[in-house]
Amino acid sequence: MLDPGLIRRDPERVRRGLLAKGEVADIDWFLQLDREGSEVVTELEQLNARKNRLSEEIGKRKRAGEDIEALRAESAEIDPKKKQLEERKDRLRSDLMRILMRLPNLPLDDVPVGTGSEQNVVVATWGAPREQSFRPKAHWDLGADLGMLDAKRAAKVAGSGFSLLSGQLAQLERALVNYMLDLHTREHGYREVGVPYLVLGTSLEGSSQLPKLEAEMYRCRDDDLWLIPTAEVPLTNVHAREILTQAELPIRYTAFSPCFRREAGAAGADTRGLIRMHQFHKVELMVYTLPEESDAELLRIREHAESVLRNLGLHYRVLELCTGDMSFGSARTYDLEVWAPGCGRWLEVSSVSTFGDFQARRAGIRFRREGGKPEHVHTLNGSGLALPRVIVGVLENYQREDGSVEIPDVLRPYMGWRTEIRA
RNA sequence: GGAGAGAUGGCUGAGUGGUCGAAAGCGCCGCAUUGCUAAUGCGGUGUGGGGGUCAAACCCCACCUCGGGUUCGAAUCCCGAUCUCUCCGCCA
């Protein structure tokens with residue numbers, strides 16, 4: 001949520017920022033409701049103060065055995081006016097909240113301005129495509145030929161958009177998960193968390209998937225629970241409505257979780273292979289930090305995610321997303337893309353974002369400096385990494401001409417010291 | 001799923017209609033005392049909003065899980081919801 005105070009103080013800046021995000025918002029309407037709201041609140045509080053005085057006085061007189069009827073009548077007279085103001089206040093407040101909850105975060109000042117993915121900027125590239133003296137297969141053929149990736153049976157069980165990994169390929173995924181969690185917890189200072197995969201709607205509002213992305217998520221209507229689209233949701237809400245101490249920050253969490261996405265807007269795209277699934281696994285990195293630390297922390301998380309790819313020996317590049325391609329809540333985002341020679345394309349395996357205080361305002365996550373007033377923390381998160389596309393990267397890059405796949409060094413301890421995947 | 005009990009400030013825990021934003025203890029902060037530590041004494045110590053101020057002081061409103069209701073007045077009475085705990089049942 002944007003700071004209402006900022007909208008009041010500098011509506012032009014807000015308008016500009018929203019526009020860069022591709023959002024045309026009626027800021028004047030907000031400001032008008034906002035003004036009206038504070039007038040109503042002031043008036044209402046004056047009535048309350050009056051009523052409190054009267055009640056106090058009635059108590060005193062009653063104890064003194066004096067007559068209280070006149071005062072009681074005066075107090076009762078206030079009620080209808082009070083009720084009316086209360087209704088107006090509630091209405092204004094919910095209108096304002098509805099507007100605020102739908103306004104995206106502002107991009108940081110130096111984020112490249114653009115309208116779509118074509119204007120994203122490549123800010124780093126690591127490695128080079130591996131030497132392959134043969135024509136590399138796409139992972140869907142490679143996996144099927146190994147007998148370890150079965151699209152047909154996955155569809156039989158769950159319909160389109162699901163995968164079925166088996167044998168050494170299923171083990172490879174588990175190895176990757178364990179490797180990444182070990183790396184982040186042992187070397188990067190994250191605390192591992194096991195999170196709920198079903199969450200309340202309020203949690204999704206807190207991390208800013210709702211209301212905008214409602215159509216992207218699976219919902220259990222009988223219980224008003226939602227399947228998480230990412231572990232970012234539970235992780236960001238761990239400290240919702242809390243006031244942390246400065247000494248507790250930063251808090252760095254990592255979690256493995258499945259992610260469930262309806263991909264409602266992507267029908268027909270990436271229908272083959274593991275690239276776009278209704279369910280996939282991900283290791284997530286999430287940080288709560290001091291405002292002045294968040295810029296540096298964003299680069300740190302990016303580095304932690306990049307290190308996984310480097311250690312796996314995968315050729316990748318880093319994009320800074322332009323204003324028009326960033327997500328609703330993000331103030332700056334880096335995407336990590338791994339090169340997949342079989343498909344012949346770059347695949348996004350991580351998205352690392354800072355939200356500033358945007359999520360913290362929504363979820364009510366604050367901290368207190370020594371002797372100070374509570375302030376909102378900054379939240380950041382990044383994938384570290386998303387499994388299916390990393391598997392694609394490993395398969396397509398490490399495949400051999402005979403259809404077997406070399407296992408990257410760092411994963412071998414997690415694969416029983418096996419060195420290759422072979423049918 | 002059935003039966004019951006409960007939800008008060010950072011924590012423990014009093015409080016059944018007015019002087020309760022809330023006793024007491026613990027914790028924390030400050031000061032005093034003190035070879036050091038410990039102990040002791042005194043004072044302070046919630047959150048949000050609005051007003052006020054250069055900044056404070058200060059003033060007002062709201063908050064005793066949440067939402068309704070009764071009442072001039074609710075932590076306290078009534079209704080509903082949520083959550084927690086115990087027992088039974090079921091279950092990976």
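Chain letters run A, B, ... following the sequence lines, proteins first, then strands; residues in each count from 1.
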When all nucleic acid strands are considered with a 4.0 Å heavy-atom cut-off, which category describes R368(A): base, sugar-phosphate, or nothing? sugar-phosphate
Rounded to whole angstrom, note down the C1' distance from rG46(B) over to rA75(B). 16 Å
Taking rG51(B) as the reference, what is the distance to rG13(B) when you measure between their C1' atoms (whole Å, please)? 37 Å
Taking the side chain as C-beta and beyond, is there a heavy-atom pair between F367(A) and P291(A) under 4.5 Å? yes
Re rC64(B): Watson-Crick or G-U wobble partner, both distances kept under 3.5 Å, found to be none
On a whole-Å scale, what distance lies between the C1' atoms belonging to rC11(B) and rG4(B)? 27 Å
Using the test side chain to side chain donor-acceptor pair (under 3.5 Å), find all partners of S208(A) that sit at least two apart in sequence or belong to another chain. none
Write down the distance between CE (M1(A)) and P (rG48(B)), rounded to a whole number of angstrom. 14 Å
What does rU19(B) pair with, Watson-Crick or G-U, if both distances are under 3.5 Å? none
Which residue pairs satisfy the salt bridge (Lys or Arg N to Asp or Glu O under 4.0 Å) criterion with at least one member in residues 191-213 of chain A, sequence neighbours excluded? none
Using Watson-Crick or G-U wobble geometry with both distances under 3.5 Å, which nucleotide pairs with rG27(B)? rU45(B)
Do Q119(A) side-chain atoms and T115(A) backbone N/O form a donor-acceptor pair below 3.5 Å? yes
P atom, rU45(B) versus rU53(B): distance in rounded Å? 25 Å
Can you check the distance between rG43(B) and rU33(B), where both ends of the measurement are the C1' atom (answer in whole Å)? 15 Å
Rounded distance in Å between the C1' positions of rG9(B) and rU65(B): 14 Å
Salt-bridge contact R35(A)-E39(A) (side-chain N to carboxylate O under 4.0 Å): no
Let me have a per-nucleotide readout for nucleotides 58-78 of chain B, 5' to 3', with B, S or -, counting only protein heavy atoms under 4.0 Å. --BBS---------BS-----
In residues 91-101 of chain A, what donor-acceptor pairs under 3.5 Å come from side-chain atoms, sequence neighbours left out?
unit_1, atom_1, unit_2, atom_2, d
S94(A), OG, R91(A), O, 3.2
D95(A), OD1, R98(A), NH2, 2.8

Length of the NZ-P vector between K373(A) and rG50(B), whole Å: 12 Å
rA5(B) versus rA92(B) - spacing of their C1' atoms, nearest Å: 29 Å
Would you compute the distance between atom NZ of K137(A) and atom SG of C343(A) and round it to the nearest 0.5 angstrom? 13.5 Å
Near RNA chain B, which residues from residues 233-251 of chain A have a heavy atom under 4.0 Å away? none
Under the side chain to side chain contact (heavy atoms under 4.5 Å, CB included) test, residues paired with D109(A) that sit two or more places apart: none
Taking the same atom, P, in rG27(B) and in rC20(B), what whole-Å distance lies between them? 26 Å
Pairing partner of rG1(B), by Watson-Crick or G-U wobble and under 3.5 Å for both distances, is rC88(B)
Test salt bridge (Lys or Arg N to Asp or Glu O under 4.0 Å) applied to E306(A) and R310(A), step by step: CA-CA 6 Å; E306(A) 282 188 49; R310(A) 281 201 305 272; 3.6 Å; yes
Using Watson-Crick or G-U wobble geometry with both distances under 3.5 Å, which nucleotide pairs with rG73(B)? none
Taking a pair as Watson-Crick or G-U wobble with both distances under 3.5 Å, which nucleotide is matched to rC36(B)? none
Does one side chain, of E293(A) or H378(A), offer a donor that lies under 3.5 Å from an acceptor on the other? no
